[in-house]
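First the structure, in the form of C-alpha cells, and then the observations on it.
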Amino acid sequence: MKQSALYIHIPFCDHKCIYCDFYSIITSDNIRPFFTSLKKEIDFYSEKFKYDHHFTSIFFGGGTPSLMCPDDIKDIVSYLKEKFIIGENAEITLETNPGTVTEEKLNHFIEAGINRISIGIQSFDDNDLKFLTRIHDKQTAINTVLSAGKAGLNNINIDLIFNIPGQSKEKWLKNLSEAVQLPVTHISAYSLILERGTILK
Ligand code: SF4
C-alpha cells in the first residue's frame with residue numbers, strides 16, 4: 001500500500017491579486033456545477049487509486065476554499081472517505097484567506113472534518129498588502145489566526161511572501177517577528193515572482 005496525499009483545487013476567488021498565476025476565477029455562478037464535476041473527477045481517480053493507495057493528507061487549495069460553504073466541504077470530505085482509503089488521523093487542510101472566515105464559520109469547517117488551516121497572510125505590512133492587492137490588512141490577518149486558535153485549530157500554517165518591492169531586510173524580519181508571536185505551527189515563505197500572464201508582469 002503506497003502512502004499518498006490528495007489535493008483538491010477550489011478555483012473561486014473574491015478578486016484577482018496582481019501577482020497571481022494560480023487558476024482562479026471570480027464568480028459565484030459556477031459553484032454548484034463545479035462540485036458536481038468535482039465528484040465525477042473523484043470517481044475517475046478513485047478507480048485508479050482506491051486499491052493500492054493509503055491517503056494520509058487531503059489539502060483543499062485554491063483559489064480561496066474558505067469562501068465556500070462548510071456544508072460543501074463536508075460533502076466532499078465524506079465523498080473522498082467513501083471513494084478512497086483515508087487514514088483515520090489524516091491531516092485535512094483548508095486554504096484560508098484573512099477576512100473570509102469568522103470563528104463561527106471556522107467551527108463549521110472543523111465539523112466538516114478540517115483539522116488544519118493554511119492562511120494566506122503574505123505580509124503583516126499594510127503597504128505590502130496594498131501593493132499585492134490583497135483584500136485584508138494586518139489586523140484582519142492577526143484576527144483570523146486568533147479566531148482559528150479560538151475555534152480549536154491547533155495546526156495553523158501561514159504563508160508569507162518576501163522580495164516584495166521596497167521590502168527591506170528589517171521589514172522582512174519584522175514580518176517574521178509578528179508571525180512567531182502568533183499561535184502558528186508552520187510558516188511557508190515564498191519569493192514574489194513575476195509570472196507570465198499576471199497583472200504585475
Ligand atoms: S487569493 Fe490567492 S488564488 Fe486568489 S487571486 Fe489572490 S493569490 Fe490568487
Side-chain angles (χ1 to χ4, degrees), residues 5-26 56-68 91-103 105-106 109-110 114-201:
L6 283 161
Y7 174 79
I8 308 288
H9 193 78
I10 308 283
F12 304 106
C13 277
D14 202 53
H15 80 298
K16 191 75 184 172
C17 302
I18 52 165
Y19 59 94
C20 177
D21 74 328
F22 298 114
Y23 178 68
S24 64
I25 49 174
I26 306 151
T56 54
S57 164
I58 302 171
F59 191 100
F60 288 92
T64 310
S66 55
L67 283 174
M68 298 298 101
E91 185 178 88
I92 308 181
T93 304
L94 186 84
E95 224 174 17
T96 305
N97 277 328
T100 62
V101 284
T102 57
E103 191 182 328
K105 191 171 183 188
L106 286 165
F109 280 127
I110 293 169
I114 299 299
N115 54 29
R116 177 177 183 263
I117 63 165
S118 176
I119 309 174
I121 288 180
Q122 320 312 357
S123 176
F124 289 100
D125 183 291
D126 282 339
N127 288 327
D128 287 351
L129 291 168
K130 275 193 199 122
F131 172 79
L132 295 170
T133 63
R134 299 295 302 195
I135 59 168
H136 64 276
D137 58 13
K138 170 186 172 176
Q139 197 52 52
T140 312
I142 291 172
N143 291 347
T144 303
V145 177
L146 297 179
S147 296
K150 278 195 216 149
L153 285 160
N154 53 20
N155 198 353
I156 303 173
N157 170 67
I158 62 169
D159 291 342
L160 293 177
I161 293 180
F162 56 89
N163 270 343
I164 299 170
Q167 188 183 51
S168 58
K169 185 176 165 192
E170 288 67 35
K171 268 174 87 176
W172 173 243
L173 288 174
K174 193 158 179 291
N175 257 339
L176 293 178
S177 139
E178 297 269 7
V180 296
Q181 287 173 50
L182 293 169
V184 300
T185 45
H186 191 268
I187 299 170
S188 303
Y190 304 90
S191 172
L192 181 66
I193 297 173
L194 276 181
E195 298 284 5
R196 202 182 294 269
T198 60
I199 301 165
L200 192 60
K201 176 95 177 166

Residue pair Cys17 / Leu132: nearest heavy atoms and the distance that separates them: CB-O, 3.7 Å

Report yes or no: do Ser66 and Thr100 form a side-chain donor-acceptor pair below 3.5 Å? yes

What distance separates Leu129 CG from Gln122 CD, expressed to the nearest 0.5 Å? 8.0 Å

Please report the C-alpha distance between Phe109 and Asn115 in whole Å, then the side-chain angles of each, then the deciding distance to 0.1 Å, and finally whether the side-chain contact (heavy atoms from CB on, under 4.5 Å) criterion is met. CA-CA 8 Å; Phe109 280 127; Asn115 54 29; over 6 Å; no

Test item: Asn157 and Val184 side chains (from C-beta on) under 4.5 Å apart, heavy atoms: no

Residue pair Thr198 / Ile18, side-chain heavy-atom distance below 4.5 Å: no

Output, in order, the C-alpha distance, side-chain angles, deciding distance and verdict of side-chain contact (heavy atoms from CB on, under 4.5 Å) for Glu195 and Tyr19. CA-CA 7 Å; Glu195 298 284 5; Tyr19 59 94; over 6 Å; no

Check whether any side-chain heavy atom of Ser147 sits under 4.5 Å from a side-chain heavy atom of Thr102, and report yes or no. no

Nearest atoms (heavy-atom pairs only) where Gly99 meets Thr144: N-OG1, 3.5 Å

Is there side-chain contact between Asn143 and Gln139, with at least one heavy-atom pair below 4.5 Å? yes

Heavy-atom distance under 4.5 Å between the side chains of Ile92 and Phe60, does that happen here? yes

Considering all heavy atoms of both residues, which atom of Asn155 and which atom of Glu91 are nearest to each other, and what is their separation? ND2-OE2, 3.3 Å

Salt bridge present between Lys174 and Glu178 (N-O < 4.0 angstrom): yes

If you round to the nearest 0.5 Å, how far is SG of Cys20 from CG of Leu200? 11.5 Å

Heavy atoms of Pro183 and Leu146 approach each other most closely as CD-CD2, 4.1 Å

CG-OG distance between Asp14 and Ser24, expressed to the nearest 0.5 angstrom: 11.0 Å

One should read off an interatomic distance between Leu94 CG and Thr64 OG1, to the nearest 0.5 angstrom, of 10.0 Å

Out of curiosity, Leu67 CG to Ile26 CD1, how far, rounded to the nearest 0.5 Å? 11.0 Å

Quick one: sort the Phe59 and Tyr7 rings into parallel, tilted or perpendicular, breaks at 30° and 60°. parallel

Does NZ belonging to Lys16 count more than 12 external heavy atoms closer than 6.0 Å? yes

For Ala141 and His136, work out which heavy atoms get closest and say how close. CB-CD2, 4.0 Å

Considering only heavy atoms from C-beta outward, does the side chain of Leu192 approach that of Pro165 to under 4.5 Å? yes

So, do Leu160 and Phe124 sit near enough that their side-chain heavy atoms are less than 4.5 Å apart? yes

Could you tell me whether the side chain of Lys138 reaches within less than 4.5 Å of the side chain of Asp125, counting heavy atoms only? no

Between Ile164 and Ile161, which heavy-atom pair has the shortest distance, and what is it? CD1-O, 3.5 Å

Set out, in order, the CA-CA distance, both residues' side-chain angles and the distance that settles side-chain contact (heavy atoms from CB on, under 4.5 Å) for Asp159 and Ile187, then state yes or no. CA-CA 6 Å; Asp159 291 342; Ile187 299 170; over 6 Å; no

Working to the nearest 0.5 angstrom, can you tell me the gap between Asn163 CG and Leu194 CG? 10.5 Å

Looking at Asp128 and Arg134, is any side-chain nitrogen of the basic one under 4.0 Å from a carboxylate oxygen of the acidic one? no

